[in-house]
Amino acid sequence: MRFRTYRHLWPYLLILGTPNIAASIAAETASPDHYRVAAVQQDITPQRPVFLAGYGQNRRATGVADPIYGKLILIDDGRLQIAIATLDSIGLTFPDIERIRARLAERWPGLRLMFSSTHSHATPDVVGLWGESFASSGRDPDYVAHLVSVFDDLTARAYARLQPATLSVASRAVDLDWVENRSEPRLLDPTLSVMRFADLNARTIATLTNYPCHPTVLDGDNTLLSADYLAGFYREMARSEPGIHLFLQGAIGGWVQPIAGSASHHRALAIGADLATASLATLAESTPTTPMPLIYQDAILDLPLDNWGFRALIWLNTLERKIHSGHLRTRVSVLRIGPAAVLTHPGETSPAYSLASRALTTNNITFIAGLTQDAVGYILKPDYFVDPDAYPHASYLTSVSVGDEAGPLLMRTLAQLVCSAGMGEC
């Protein structure tokens with residue numbers, strides 16, 4: 001199934017032009033003796049009323065079920081520094097991530113940044129879509145400005161704490177019984193990947209887990225701030241391992257969700273604990289790897305904006321984005337760290353693109369980082385636009401997608417980046 005899905009995408013890739021890539025890569029050097037690593041986190045739960053993101057307009061937070069976090073791992077191989085940042089958020093978008101990137105570049109020129117959102121629907125509206133009405137933004141500019149300062153501070157703290165570290169990586173297929181694809185039940189990418197950084201005494205500095213599923217156990221009736229099932233994941237990981245524990249969302253588009261059931265906070269915590277148990281079992285199969293030079297490349301990609309609803313929301317300033325000659329501007333990145341590759345998707349991508357992305361690399365383990373470097377909405381197979389009646393929920397999913405060219409353009413860009421980075425066959 002995986003290979004057939006990938007082959008069906010290639011006709012769409014071949015008819016599209018080459019995207020405008022602005023990539024950078026440092027020259028390969030001798031392998032470092034050790035990475036230097038630090039991990040930090042900060043509670044970013046707002047202290048004043050906010051609109052909650054997701055489900056519908058005018059849903060205001062009335063309290064806190066559990067804290068939400070900004071987290072960051074800084075990795076230094078002696079010539080490159082990579083910051084992998086995660087945010088408990090519906091999805092911070094390209095303009096705000098670029099503000100964070102510019103702020104960091106002022107203090108640490110050359111620092112590379114991969115910025116990812118977990119996509120919890122019980123976090124503040126940082127996009128603007130979920131205000132009092134469609135015509136009014138739910139975004140709190142002061143809260144977003146606070147996030148920019150938070151990640152500036154986290155990066156400074158991480159630089160001050162860098163220490164020699166080892167890396168362990170493991171990956172396996174894990175069919176968690178609470179995950180389903182509500183549009184294409186047979187199409188899932190069940191890969192769970194975990195990396196662990198430890199100090200030279202084998203004490204955990206940080207873990208990074210990658211798995212795809214919407215954090216939407218809590219439904220639209222919930223009015224409490226929460227990381228959703230990730231709150232249970234963080235708690236269970238912390239009970240078992242020291243250090244900072246990050247979650248990197250996978251490809252959740254078209255429509256990878258928790259199986260319908262109780263929308264209670266108790267169930268969310270239990271599901272998160274189950275994910276942590278699976279992550280720890282996967283990590284138990286890993287061994288420290290030989291340090292290798294980091295490789296990082298990225299590209300600026302302009303996606304054709306065919307969604308007139310998005311255009312209207314931008315015109316109303318409900319969405320604070322620019323349209324560049326009919327396109328939305330975004331960023332795509334690839335990273336090699338040890339035996340692992342990390343490939344970013346700037347939205348909620350179909351599992352078909354996750355499987356296709358894995359097929360691009362020759363690395364033993366590939367992390368698919370969804371909602372990373374941007375949150376442009378759903379990135380769907382073109383068939384959803386051609387034959388929407390064949391896919392349950394297609395009318396909704398296509399209504400929050402930039403258009404049918406986004407997925408093929410993303411795949412072409414990733415293929416070029418992986419090739420030029422020497423991480424796959426050209």
Decide whether a cation-pi geometry holds between K381 and Y391; the criteria are a distance under 6.0 Å from NZ or CZ to the six-membered ring centre and an angle within 45° of the ring axis.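 Judged by the rule, K381 and Y391 form no cation-pi pair.
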
Is there a donor-acceptor pair closer than 3.5 Å between any side-chain N or O of [X] and the backbone N or O of [Y]?
X    : Y    : answer
T372 : G370 : yes
N363 : T366 : no
S183 : P392 : yes
S117 : L92  : yes
R101 : L113 : yes
D125 : V127 : yes
T398 : S395 : yes
R59  : A122 : no
D43  : P67  : no
R311 : L305 : yes

Residue that, paired with H214, satisfies side chain to side chain contact (heavy atoms under 4.5 Å, CB included) out of Q257, Q249, R182: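 Considering Q257, Q249, R182, a side chain to side chain contact (heavy atoms under 4.5 Å, CB included) with H214 is found only for Q257.
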
side-chain contact (heavy atoms from CB on, under 4.5 Å) evaluation trace for R112 with D298: CA-CA 9 Å; R112 276 70 168 181; D298 66 13; 6.0 Å; no

Output the distance between atom [atom1] ([X]) and atom [atom2] ([Y]), rounded to the nearest 0.5 Å.
X    : Y    : atom1 : atom2 : answer
L410 : E405 : CG    : CD    : 13.0 Å
Q42  : T45  : CD    : OG1   : 10.0 Å
L283 : R196 : CG    : CZ    : 6.0 Å
S116 : H345 : OG    : NE2   : 11.5 Å
L147 : L87  : CG    : CG    : 5.5 Å
T155 : R157 : OG1   : CZ    : 10.0 Å

Just say parallel, tilted or perpendicular for the rings of [X] and [Y], cut-offs at 30° and 60°.
X    : Y    : answer
Y143 : H146 : tilted
Y229 : F247 : perpendicular
Y378 : W255 : perpendicular

Is there a side-chain contact between [X] and [Y], using heavy atoms and a 4.5 Å cut-off?
X    : Y    : answer
V334 : L414 : yes
S226 : L218 : yes
L248 : S193 : no
N181 : P351 : yes
Y234 : D88  : yes
Y296 : V342 : no
H265 : D66  : yes
P95  : T93  : yes

Minimum heavy-atom separation for [X] to [Y], with atom names?
X    : Y    : answer
D306 : G403 : OD2-CA, 4.2 Å
V174 : L192 : CG2-CB, 3.9 Å
S357 : I368 : CB-CD1, 3.6 Å
A263 : D219 : CB-OD2, 3.4 Å
A341 : T361 : CB-CG2, 4.2 Å
V126 : I90  : CG2-CG2, 4.0 Å

Are E184 and R186 ion-paired here, with the side-chain N under 4.0 Å from a carboxylate O?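 R186 and E184: not salt-bridged.
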
Determine whether L129 and L319 satisfy the following criterion, side-chain contact (heavy atoms from CB on, under 4.5 Å), listing intermediate values before the conclusion. CA-CA 7 Å; L129 291 175; L319 283 177; 3.8 Å; yes

Between the side chains of [X] and [Y], does any donor sit under 3.5 Å from an acceptor?
X    : Y    : result
T62  : T223 : yes
Q373 : S333 : yes
R172 : T282 : yes
E132 : N58  : no
N222 : H121 : no
Q297 : S420 : yes

If you count every heavy atom of other residues, nucleotides or ligands that lies below 6.0 Å from R107 atom CZ, does the total exceed 12?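 Above 12, so yes.
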
Applying side-chain contact (heavy atoms from CB on, under 4.5 Å) to T344 and F115, what does each step give before you reach the verdict? CA-CA 9 Å; T344 71; F115 193 101; over 6 Å; no

As a quick check of understanding, evaluate side-chain contact (heavy atoms from CB on, under 4.5 Å) for R329 and D302, giving each step before the final call. CA-CA 4 Å; R329 183 154 292 168; D302 287 338; 2.8 Å; yes

